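Encoded as structure tokens, the structure appears first; notes follow it.
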Amino acid sequence: MDDDLPSGLDPEAFSAWIFGAPGPAAPAGLELAPFRGVRFAPEVVGDLATVTSPPYDLIDDEAVARLMASDGHNIVRLILPPTASEGAATLQRWLADGALIVDSEPALYVYEAASDGTPVQRGLIGALGLRAEADGVVLPHENVYPGPVRNRLDLMAATHANPEPIFLVYEGGGDAAQIIDEIAGTPPLVEFRSDDGLVHRLWRTSDPGHHARVAADLGPRRALIADGHHRYATYRALQARHHTAGDGHGPWDYGLALLVDSTRYPPHLGAIHRVLPALPPDTALARAAEIFEVTHLPDLPAAMEALATAEGPAFLLGGAGLHLLTAADPRRLLDAMPVGHSERWRGLGTAILDALLIEGVWNLPENERSVEVVHDDPAAAIERARRTGGTAVILNPLKVEDVLAVAGQGERVPRKSTSFGPKPRTGLVLRLLDRT
């Protein structure tokens, strides 16, 4: 299924190809179109908390096994199947037995995640019009790797579906926000509390007047991909496949997305920590000490406070004790950073980690096997490092303004630099390409 994706490209070149390729003629501006959503039927599957999940790339093997055991209809059977064909068979079986139902009319969906009665996330789920990066409408801020795109492309092509939304933020404050708040003041279509403690709610509007007002409000705006770069790249690859085949304009020119007005619901931006399973902690520390000042810290709370307040590039090593790295040798730092990037990019913590430590000092390839990631949970990263005998590298989160500035000038932050949240719950609403 992947013979139409280029081979032999590094992530930067692959990202430039897949985000930059021109698409078909499309309306200018940001577009979020209504579609016929596919949803679990609670009367068939029961509690939606048992059949929904976090996004596919946040689920490790242990969590997959737990979710698989929790319910025969858990969405992980569709988003992380053993093979793409098995995922397609699962989708068709759930549609046939009524576990999944298709809404009769195209709609936009309001999604909300609330904590202790307060919304922490609220936005619109719809079919996002796909745009080339040069259009300046949908802005990526991370490079993508061919492997995950091939994996998602196999699944989406086999299922003819977008099984989970990507997550975008935009600066709004206009008519769309008013419509969202009006709809959220009515009884929700579904409501449940997940094991993360959040209450998830979903509403639907099939009102053409609402759709027209949303379209008019979003048209002049642009959005930043907060989470789901590989899925957006997959949307673009699937679009290119259909247009190469001469299929013309169609549902493949859109992809399932949650669009959040960041002026109303600012996203949380967490760090993505690294685990280096093949790098013993003593070796990591000894080599890092050649460049950084090292401070031993007694416990994780004290270490996290010291990391957060450190000046300049700073990293926390875990696995066998906790050691804070600060005050990097300025000459070594300057020599390590790649040319051709802006000063802002060269100051990003993840860029310095990749160039100076992972590639330079520790001489590790930057790939999924040698560098694992843990989203926004330093304790989990350190525990994983201890289990493997490796090293955890805990980072400070990037600043939202730095991410926006880098993306706005056409650069990418290094892979797995940002953990925007809260991320939408997977399994609340799906999109079928043949039932739009």
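Only this structure's heavy atoms are used, side chains among them; waters, hydrogens and symmetry mates stay out. On a predicted model such as this, the values are computed, not experimentally measured, just so you know.
- Between Arg236 and Asp253 there is no salt bridge, since no side-chain N of the basic residue sits under 4.0 Å from a carboxylate O of the acidic one.
- Applying side-chain contact (heavy atoms from CB on, under 4.5 Å) to Val374 and the options Ile272, Val275, Leu58, Ile394 leaves one that passes, Val275.
- Across Asp354 and Arg274, no two heavy atoms sit closer than the pair OD1-NH2, 4.3 Å.
- The shortest distance between side-chain heavy atoms of Leu256 and Tyr235 falls below 4.5 Å.
- A donor-acceptor pair shorter than 3.5 Å can be found between the side chains of Thr52 and Arg425.
- Under the side-chain contact (heavy atoms from CB on, under 4.5 Å) rule, Leu357 has a single partner from Val393, Ile352, Leu325, which is Leu325.
- Residues Phe35 and Tyr109 place their aromatic rings such that the two centres sit under 6.0 Å apart.
- For Ser15 and Glu12, the side-chain atoms include no donor-acceptor pair closer than 3.5 Å.
- Val260 is not listed as a side-chain neighbour of Leu168, based on a closest heavy-atom distance of 4.5 Å or more.
- Using a 4.0 Å cut-off between charged nitrogen and carboxylate oxygen, Arg384 and Glu372 count as a salt-bridge pair.
- To the nearest 0.5 Å, atom CZ of residue Phe192 and atom CG of residue Asp47 are 7.5 Å apart.
- One distance of note links CD1 of Ile179 with NE2 of His211; it measures 9.0 Å at 0.5 Å rounding.
- Atom CD of Glu43 is surrounded by more than 12 heavy atoms from other residues, nucleotides or ligands within 6.0 Å.
- The aromatic rings of His341 and Trp345 lie parallel to each other, with less than 30° between the two planes, well short of the 60° mark.
- Closest of all the heavy-atom pairs between Glu164 and Thr426 is OE1-OG1, 2.6 Å.
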Candidate pair Arg122 and Asp181, rule salt bridge (Lys or Arg N to Asp or Glu O under 4.0 Å), full reasoning: CA-CA 9 Å; Arg122 185 184 283 174; Asp181 288 345; 3.0 Å; yes

side-chain contact (heavy atoms from CB on, under 4.5 Å) assessment of Arg344 paired with Val406: CA-CA 7 Å; Arg344 189 185 291 263; Val406 167; 4.2 Å; yes

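- One finds the CG atom of Leu316 at 11.0 Å from the OG1 atom of Thr326 (value rounded to the nearest 0.5 Å).
- With hydrogens and angles ignored, the 3.5 Å screen pairs no side-chain donor or acceptor of Ser115 with any backbone N or O of Thr118.
- Note that the OG1 atom of Thr159 and the CZ atom of Arg431 stand 11.5 Å from one another [nearest 0.5 Å].
- Remark: Arg152 qualifies as a cation-pi partner of Tyr56 under the 6.0 Å distance and 45° angle criteria applied to the six-membered ring.
- Within 6.0 Å of CZ in Arg222 there are 12 or fewer heavy atoms belonging to other residues, nucleotides or ligands.
- The 12-atom threshold is exceeded at CD of Glu182, counting heavy atoms of other residues, nucleotides or ligands nearer than 6.0 Å.
- At a threshold of 4.0 Å, the pair Asp247-Arg241 does not count as salt-bridged, since none of the basic side-chain nitrogens sits closer than that to a carboxylate oxygen.
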Under the criterion salt bridge (Lys or Arg N to Asp or Glu O under 4.0 Å), I'd like the reasoning laid out for Asp195 against Arg66: C-alpha separation, chi angles, the key distance, then a yes or no. CA-CA 12 Å; Asp195 57 8; Arg66 176 176 53 81; 3.6 Å; yes

Verdict with reasoning, Ser262 to Glu171, per side-chain hydrogen bond (donor to acceptor under 3.5 Å, both in side chains): CA-CA 6 Å; Ser262 61; Glu171 293 184 355; 5.4 Å; no

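- Arg131 has a carboxylate O that lies under 4.0 Å from a charged side-chain N of Glu31, or vice versa, which qualifies the two as a salt bridge.
- No more than 12 heavy atoms of other residues, nucleotides or ligands lie within 6.0 Å of CG in Asp116, so this atom counts as exposed by the packing criterion.
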Worked verdict on Leu91 versus Leu100 for side-chain contact (heavy atoms from CB on, under 4.5 Å): CA-CA 8 Å; Leu91 176 60; Leu100 287 174; 3.6 Å; yes

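- The existence of a salt bridge linking Arg412 and Glu142 is excluded, since no basic side-chain nitrogen approaches an acidic carboxylate oxygen closer than 4.0 Å.
- In this structure, the side chain of Arg221 does not engage the main chain of Gly29 through any donor-acceptor pair within 3.5 Å.
- Taking every heavy atom of both residues into account, Ile382 and Gly318 meet most closely at CG1-CA, 4.3 Å.
- Side chains of Thr263 and Asp261: a donor on one and an acceptor on the other come within 3.5 Å.
- Atom CD of Glu343 has 12 or fewer heavy atoms from other residues, nucleotides or ligands within 6.0 Å.
- With rounding to the nearest 0.5 Å, the separation of CG in Leu128 from CD1 in Ile166 is 5.5 Å.
- Between Ala407 and Pro140, the shortest heavy-atom contact is CB-O, 3.7 Å.
- Shortest non-hydrogen contact noted between Ala336 and Leu356 is CB-CD1, 3.7 Å.
- Around the CG atom of Asp10, the shell of radius 6.0 Å holds more than 12 heavy atoms that belong to other residues, nucleotides or ligands.
- Within the 3.5 Å criterion, the main-chain N or O of Val102 finds no donor-acceptor partner in the side chain of Arg39.
- The 12-atom threshold is not exceeded at CD of Glu305, counting heavy atoms of other residues, nucleotides or ligands nearer than 6.0 Å.
- Checked against a 6.0 Å centroid threshold, the rings of His229 and His141 count as neighbours.
- Taking CG from Asp135 and CG from Leu130, the interatomic distance works out to 11.0 Å, rounded to the nearest 0.5 Å.
- By the 4.5 Å heavy-atom criterion applied to side chains, Leu108 and Ile125 are not counted as neighbours.
- Side-chain atoms of Thr205 and Asp207 include no donor-acceptor pair closer than 3.5 Å.
- For the pair Arg415 and Tyr145, the cation-pi criterion (under 6.0 Å, within 45° of the ring axis) is fulfilled.
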Would Asp103 and Arg36 satisfy salt bridge (Lys or Arg N to Asp or Glu O under 4.0 Å), going step by step from the backbone distance to the final call? CA-CA 5 Å; Asp103 286 336; Arg36 295 173 62 198; over 6 Å; no

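- Nearest approach of Ile101 to Gly98, heavy atoms of both residues: CG2-O, 4.0 Å.
- Looking at Gln239, its side chain never comes within 3.5 Å of a backbone N or O of Trp252 through a donor-acceptor pair.
- A heavy-atom distance below 4.5 Å is not found between the side chains of Leu258 and Leu124.
- There is a side-chain donor-acceptor pair under 3.5 Å between His268 and Asp376.
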Applying side-chain contact (heavy atoms from CB on, under 4.5 Å) to Phe315 and Phe292, what does each step give before you reach the verdict? CA-CA 10 Å; Phe315 308 98; Phe292 288 88; 4.0 Å; yes

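- Residue Gln409 qualifies as enclosed at atom CD: its count of foreign heavy atoms under 6.0 Å is above 12.
- In this pair, His200 and Tyr111 present their aromatic rings parallel. The plane angle is below 30°, not in the 30 to 60° band.
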Start with the C-alpha gap between Val149 and Leu5, add the side-chain angles, then the distance that decides, and say whether side-chain contact (heavy atoms from CB on, under 4.5 Å) holds. CA-CA 9 Å; Val149 174; Leu5 292 181; 4.2 Å; yes

